[in-house]
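The shown structure was predicted, so the numbers you read here are calculated from the model rather than taken from an experiment.
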Amino acid sequence: MKMDWKNYVGKNLNVTMLENYGVVYGKEKGEHPTFYEIVFKTGTLKEAFDEGLLLDSKRDEKPYQIFIPYTSIKCVEFF
């Protein structure tokens, strides 16, 4: 079954990721990086493509867009 994501454009989504890791470097030069698991992404569905979803979101009050490939998605909640 294939889902028609176009029905959800403009809706808020909470996407649980399968497995994805990020890295944060310390403020001091030479400080060891900290790796963390990225558990979910949240945003408004802007567009759906054959390869994945494009979300509009904000971080520190700055807008950004994120593309999430379908192969990285474990679960999606609509709210």
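- W5 and F67 fall into different hydrophobic clusters, where Ile, Leu, Val, Met, Phe, Trp and Tyr side chains are chained together by heavy-atom contacts under 4.5 Å.
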Return a table of donor-acceptor pairs under 3.5 angstrom between the side chains of residues 43-64 and protein atoms on other chains or two or more places apart.
unit_1: T44; atom_1: OG1; unit_2: N12; atom_2: OD1; d: 2.9
unit_1: D56; atom_1: OD1; unit_2: Q65; atom_2: NE2; d: 3.0
unit_1: S57; atom_1: OG; unit_2: T42; atom_2: O; d: 2.8

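- Note: the hydrophobic cluster containing Y70 also contains Y8 (ILVMFWY, side chain heavy atoms under 4.5 Å, direct or indirect links).
- The environment of F40 atom CZ is sparse: at most 12 non-hydrogen atoms of other residues, nucleotides or ligands sit within 6.0 angstrom.
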Show every donor-acceptor pair shorter than 3.5 Å between a side-chain atom in residues 72-79 and any protein atom, with sequence neighbours excluded, or say none if there are none.
unit_1: E77; atom_1: OE1; unit_2: N14; atom_2: ND2; d: 2.7

